[in-house]
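Shown next, in structure tokens, is the structure this report addresses.
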Amino acid sequence: MKRVLGLKCRECGHCQPLEAQYVCEDCFGPLEVEYDYDVIRDLVSPERIARGPATIWRYRDLLPVEGDDVVDIGGGFTPLLRSNNLARKLGLRELWIKNDSVNPSYSFKDRVVSVASTRARELGYKVLSCASTGNLACSVAAHAARAGMRACVFIPAGLEAGKILGAAIYNPTLIAVDGHYDDVNRLCSEIADNYDDWAFVNINIRPYYAEGSKTLAFEVAEQLGWRAPDHVVVPIGSGSLFSKVWKGFNELQQVGLISNGPPRMSAAQASGCAPVVNAWEAGESVVAPVKPSGIAKSLALGNPADGYYVLKLIKQSGGSAAAVTDEEIVAGIKMLAETEGIFTEAAGGVTIAVLKRLVENGTIRPDEATVAYVTGNGLKTQEAVANEVAPPIEIRASFGEFEMAWQARQVIAAR
Ligand SMILES: *Cc1c(COP(=O)(O)O)cnc(C)c1O
Ligand SMILES: [Zn+2]
């Protein structure tokens with residue numbers, strides 16, 4: 001892997017070989033994949049990428065895998081929709097929705113897991129595992145099935161039915177832990193220490209996993225005709241997605257695929273779990289853990305691993321951060337559905353509600369080309385909106401009954 005140099009400590013810069021390491025042997029800082037951008041610049045071109053598959057693997061030159069035998073369930077290359085209805089409603093000139101709710105397991109996690117499972121298999125692991133808030137469990141179970149690996153996935157108890165079924169259908173060992181994500185994560189770290197042939201995608205092979213999120217920058221740039229937008233809104237769980245979208249846009253500039261720099265980056269959280277936004281608003285540089293509550297369960301990480309880096313990048317990019325209530329999240333889900341025909345889960349409702357807030361408070365300027373990342377599918381969090389939509393109008397197969405129902409509905413719509 002001449003393109004890929006090693007795993008570099010994000011704190012002290014110490015470089016280690018491309019193995020299953022995730023903390024620095026010198027300072028215990030987190031590790032990140034380091035590339036040789038001179039080599040990659042000579043390799044990549046828009047034409048070469050366009051000839052690749054319609055999945056994340058068209059960007060293989062910028063991903064940390066060795067061979068061509070990738071674990072691919074078709075994740076990525078999702079629609080980027082110019083969203084004029086929503087733009088008009090909010091008062092923006094150019095708004096795009098990156099609709100990652102239509103991935104094979106219905107969330108953006110297919111990007112990170114496709115890379116992680118490929119690398120896990122290359123490194124000789126037999127069992128694919130994760131600590132999850134739900135979507136990751138679905139994606140790990142699906143990729144393990146495709147890769148011919150065993151899967152053991154961990155979720156917090158009390159998740160939405162759509163996420164439990166969305167993982168269970170692939171027949172993994174599915175373990176619901178009594179507690180929050182942070183308890184699940186602690187247990188999984190202990191298991192990872194004891195079972196050395198298990199790859200926990202977001203723990204012991206996290207540096208590879210994280211790289212998959214860069215493809216959300218690559219695709220947006222390619223779909224915009226090889227340019228970066230002016231402003232992006234990204235939901236925060238661990239903060240890994242946020243920091244890798246930033247890394248992705250920077251890499252494109254470094255290898256000459258785009259000529260402008262990365263966008264202003266704004267972070268979206270739910271007020272039921274807003275440790276990063278709390279720190280941002282208080283002007284702190286470290287994130288104090290919280291105990292999560294509320295409907296945005298995909299984002300319910302009380303102690304986000306990348307929180308510190310998110311704060312730095314918000315500042316560096318000239319972005320901002322906001323947290324929204326459960327009510328605003330539901331309104332965001334409905335607004336996106338009713339204006340653009342996209343049904344997102346609670347995490348997407350967070351993104352849309354924060355987008356709205358940031359336009360209203362002047363953070364996002366009306367003339368900025370803005371991309372909102374919608375990361376998961378509404379059918380997974382039906383509980384959030386089940387009581388917020390009109391039920392079907394039940395009639396017998398009679399023209400008269402139909403006309404009465406239709407006219408009654410026109411009266412309601414006119415109000
Ligand atoms: C996991 C997840 C996120 C957050 O990703 P992080 O990398 O943990 O910040 C956002 N949206 C959805 C739908 C998710 O499942
Ligand atoms: Zn270090």
Side-chain angles (χ1 to χ4, degrees), residues 6-16 21-32 34 78 98-103 105-113 115-116 130-140 155 159-160 162-163 166-167 181-182 185 201-203 206 209-216 233-248 265 267-270 273 275-276 287 292 295-307 309-310 313 329 333 344-352 354 372-381 384:
L7 297 177
K8 187 176 176 184
C9 176
R10 289 165 88 178
E11 288 306 314
C12 76
H14 176 77
C15 211
Q16 295 172 216
Q21 301 287 334
Y22 62 108
V23 289
C24 175
E25 59 196 12
D26 280 0
C27 78
F28 300 104
L31 302 177
E32 182 169 57
E34 174 84 349
T78 55
K98 182 58 172 166
N99 183 11
D100 239 26
S101 72
V102 295
N103 273 302
S105 82
Y106 308 104
S107 84
F108 98 93
K109 292 297 197 302
D110 288 334
R111 299 174 181 277
V112 281
V113 175
V115 176
C130 65
S132 173
T133 55
N135 286 324
L136 188 57
C138 301
S139 189
V140 165
I155 55 175
L159 274 192
E160 302 95 336
K163 289 190 192 145
Y181 171 82
D182 303 286
N185 192 48
V201 297
N202 57 338
I203 301 175
R206 186 175 181 82
Y209 159 96
E211 292 293 294
S213 287
K214 295 189 308 189
T215 60
L216 267 173
V233 180
V234 181
I236 305 290
S238 71
S240 177
L241 169 62
F242 189 97
S243 48
K244 296 312 182 222
V245 166
W246 167 265
K247 186 181 183 191
M265 302 232 349
Q269 288 198 304
C273 181
V276 174
V287 173
I295 60 171
K297 297 186 186 203
S298 308
L299 306 179
L301 285 75
N303 190 13
D306 276 39
Y309 299 102
V310 173
L313 293 175
I329 295 167
I333 295 173
T344 186
E345 68 146 277
V350 169
T351 301
I352 299 303
V354 166
Y373 283 100
V374 163
T375 46
N377 195 296
L379 289 174
K380 281 202 184 156
T381 64

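In listed order, ligands and their atoms are each counted from 1. In this text the structure is predicted, and so the values were computed from the model without any measurement. The figures that follow rest on heavy atoms only: side chains count, while hydrogens, waters and symmetry mates do not.
- Below 4.0 Å from some heavy atom of G237 lie the following atoms of ligand 1, by number and element: 4 (C), 6 (P), 8 (O), 9 (O).
- At least one donor-acceptor pair under 3.5 Å links the side chain of T215 to the backbone N or O of G212.
- Listed for the Q269 side chain is a donor-acceptor partner under 3.5 Å among the backbone atoms of V276.
- Each of the atoms 6 (P), 9 (O) of ligand 1 lies under 4.0 Å from some heavy atom of G239.
- Distance from atom 1 (C) of ligand 1 to its nearest protein heavy atom, with residue and atom name: K109 NZ, 1.4 Å.
- Counting only protein N, O or S atoms, 4 lie closer than 2.8 Å to the Zn ion (ligand 2).
- Ligand 1 has an N or O atom lying under 3.5 Å from an N or O atom of L241, backbone or side chain.
- Side-chain atoms of N103 do not come within 3.5 Å of backbone N or O of S105 as any donor-acceptor pair.
- Remark: ligand 1 and N135 share an N or O pair separated by less than 3.5 Å (distance only, no angle test).
- Here the options are V112, V115, V234, the test is side chain to side chain contact (heavy atoms under 4.5 Å, CB included), and the partner is S213; only V112 passes.
- Taking a cut-off of under 4.0 Å to the non-hydrogen atoms of E345, the atoms of ligand 1 that pass are 13 (C).
- Closest of all the heavy-atom pairs between C273 and L299 is SG-O, 3.8 Å.
- Remark: the backbone N or O of L31 is not paired with any side-chain donor or acceptor of Q21 at under 3.5 angstrom.
- Side-chain contact, R111 with T78: a donor N or O sits under 3.5 Å from an acceptor N or O.
- Of the N or O atoms in I236, none lie within a sub-3.5 Å distance of an N or O in ligand 1.
- Looking at S238 next to ligand 1, an N or O pair under 3.5 Å apart turns up.
- Contacts of F242 with ligand 1, taken as heavy-atom pairs under 4.0 Å, are absent altogether.
- Considering backbone and side-chain N/O of T375, one or more are found under 3.5 Å from N/O of ligand 1.
- Residue-level proximity to ligand 1 for L301 is absent, since no heavy atom of it falls below 4.0 angstrom.
- Proximity to A347 (heavy-atom distance under 4.0 Å) selects the following atoms of ligand 1: 11 (N), 13 (C).
- Each of S243, S240, S238 was compared with D306 under the side chain to side chain donor-acceptor pair (under 3.5 Å) criterion, and only S243 meets it.
- Taking every non-hydrogen atom of L299 and a distance limit under 4.0 Å, the qualifying atoms of ligand 1 come out as 3 (C), 4 (C), 10 (C), 11 (N).
- An N or O contact shorter than 3.5 Å is missing between S107 and ligand 1 by distance.
- Open room surrounds NZ on K8; 12 or fewer heavy atoms of other groups in view lie less than 6.0 Å from it.
- Nearest heavy-atom pair, W246 versus L313, reported as atom, atom and distance to 0.1 Å: NE1-CD2, 3.3 Å.
- Each of K297, K380, K163 was scored for a side chain to side chain donor-acceptor pair (under 3.5 Å) with N135, with one residue passing: K380.
- Between the side chain of T133 and the backbone N or O of S298, at least one donor-acceptor pair lies under 3.5 Å.
- Judged by distance alone, the side chain of E160 and the main-chain N or O of G162 form no donor-acceptor pair under 3.5 Å.
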